[in-house]
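This report concerns only the one structure given below.
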Number of protein chains: 2
Amino acid sequence: MATSAPDHLSPRRRPRQARAAATVDAIFEATIQLLVAEGMQRLNTTRVARRAGVSVGTMYQYFPHKQALIYALNERYLEVLAATIEDTCQTQEGAPLDLMIEALIDAYWRAKTERPEVTRALYRWVVEIDNEALITAFATRVDAATTAMLASAADARFAEVQAVNLTIVTVIFGTVHNAFERNLSQGAADELRRQLTCCADPTSERRQADEAAM
Amino acid sequence: MATSAPDHLSPRRRPRQARAAATVDAIFEATIQLLVAEGMQRLNTTRVARRAGVSVGTMYQYFPHKQALIYALNERYLEVLAATIEDTCQTQEGAPLDLMIEALIDAYWRAKTERPEVTRALYRWVVEIDNEALITAFATRVDAATTAMLASAADARFAEVQAVNLTIVTVIFGTVHNAFERNLSQGAADELRRQLTCCADPTSERRQADEAAM
DNA sequence: ACCTGAACACCGTTCAAGT
DNA sequence: ACCTGAACACCGTTCAAGT
């Protein structure tokens, strides 16, 4: 993730002095605030620069264009999310499968729900941008963490961890994303989450088949 | 869906004469082509108008602004998708549950995969737009169709169809969305789909609980 | 009722000049 | 090494004039 940004989207220059780092932070902060407060539509470079307390020119020293700024913002967000999931997976090493699943759902759900406005603002990101690299890097990292976790389950062995992992991760993340998009009521969300926890857990008649195949 | 577009996004004028209808169609077609060929970034009103063979002014007679154009495009897309799902659900009336689930997954999956570039282009839609109305209308319509279908299952009765329905729909749509986003290989996609078909089917120990609750 | 396109305003981006 | 902001270019949107 650290090095994967395509050339045309990577920062133009990295801050070397303290005041430069402060400048970049201020720009990020200003962007988030404006994004949350007024949406992508009203986000323009002039406003970002003004709120960050720098001139437009300064902004352009660090980000070659507006999209690179949004891209960097997302990069940061996914970085934190990936780290959270890696943590969760490590904590669950060797635990029973159902606890793993529950912890994973919990971690992802919480990450999305904690600051919904930010999540929403970034989801609603102008995705003209070539964000495939970002998504791929994120997916790779998450897959590694979850596969390792699943392989270590105390009460289950899988003939094809890769495939099982892919399903679990896609189902969980996809479902949460979609639930989020739907703006469910608290009650509905809770119920869905309860059912998802059952559903995503391959412990049931399906696992026996996998185990038999070993 | 037909009437739900918020004021600021609804068409400025509806075509009354034949040539006007042709104009609107040409504009839609041009927009899709440019979107698929060059992405949202390079989509500007001048280019759309030129490719559609009309002047910018004409475009603005039908769409109050660029976003309204994209909005209308999505409205069309969701209209077709919703109709497809309604069809599927009606066809499955009274069928066994596992066939229903399979048909639903199949319909949604196919719809997304048939013209991936278009799907992708619209997913990557500039979502600064207030598309909540669109999403809500779509969700309502789909929920009605799927709930009715599930309630008619030949081999299952649910104590709380609403809740079960919400889970099934969210899991399926979310998973497919996510799978799509990940750009899976054919093999991986097939395997995921197979497992999803099992996973989304509440026929298993979980159903008995529901039935007992009746 | 429908179409045209020059004119205007706004905003992304640059660059010559500063500390 | 870092910052400034006026100047430029591009593109969304309008409107007076046309059929």
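Proteins come first, then strands; the chains are lettered A, B, ... in the order of their sequence lines, and each starts at number 1.
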- Message: Under 4.0 Å, counting only non-hydrogen atoms across every strand here, what does A:Val54 touch: a base, just sugar-phosphate, or nothing?
- Response: sugar-phosphate

- If you look at every strand shown and take non-hydrogen atoms under 4.0 Å, does B:Leu43 touch a base, only sugar-phosphate, or nothing? sugar-phosphate

- Query: Side chains of B:Met100 and B:Ser152: does their closest heavy-atom pair fall under 4.5 Å?
  - Reply: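 Side-chain contact under 4.5 Å: yes.
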
- Rounded to the nearest 0.5 Å, how far does CE of A:Met149 lie from CD of A:Gln90?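 Spacing of CD (A:Gln90) from CE (A:Met149) equals 11.0 Å.
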
- Message: Distance check, rounded to the nearest 0.5 Å: B:Ile101 atom CD1 versus B:Ile168 atom CD1?
- Response: 4.0 Å

- Sequence neighbours left out, what pairs pass salt bridge (charged side-chain N to carboxylate O under 4.0 Å, His left out) with at least one residue falling in residues 162-180 of chain B? none

- Item | Under-4.0 Å salt bridge between A:Glu102 and A:Arg193 |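 Judged by the 4.0 Å cut-off on N to carboxylate O distance, A:Glu102 and A:Arg193 do not form a salt bridge.
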
- Flag the pair B:Asp190 and B:Arg194 as a salt bridge only when some basic side-chain nitrogen lies within less than 4.0 angstrom of an acidic carboxylate oxygen. no

- Item | Listed partners of B:Arg50 passing side chain to side chain contact (heavy atoms under 4.5 Å, CB included), at least two apart | B:Arg47

- With sequence neighbours left out, write down each residue that passes side chain to side chain contact (heavy atoms under 4.5 Å, CB included) with B:Ala52, or none if nothing qualifies.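 Scan of B:Ala52 (side chain to side chain contact (heavy atoms under 4.5 Å, CB included), adjacent residues dropped) gives B:Ala26, B:Ile27, B:Ala30, B:Val54.
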
- Message: Tell me which residues in residues 24-34 of chain B lie within less than 4.0 Å of DNA chain C, going by non-hydrogen atoms.
- Response: none

- Note on the structure: Taking Watson-Crick and G-U wobble contacts under 3.5 angstrom, with | marking pairs to another strand and [ ] crossing pairs, the secondary structure of DNA chain C is written ||.|||||...|||||.||

- Walking DNA chain D from its 5' end, the first of B:Arg19 and B:Tyr60 to be reached, judged by nearest nucleotide, is B:Tyr60

- Opening and closing nucleotides of DNA chain D in contact with chain A, under 4.0 Å to non-hydrogen atoms: D:dA1 to D:dG5

- Counting N and O atoms only, with roles assigned by atom type, does the side chain of A:Lys66 sit under 3.5 Å from a partner on the main chain of A:Leu43, one being a donor and the other an acceptor? yes

- Could you pick out which residue, A:Asn44 or B:Tyr62, lies toward the 5' side of DNA chain C when each is mapped onto its nearest nucleotide?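 It is B:Tyr62, whose closest nucleotide lies nearer the 5' terminus.
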
- Query: Parallel, tilted or perpendicular for B:Tyr108 and B:Phe173, by the 30°/60° rule?
  - Reply: parallel

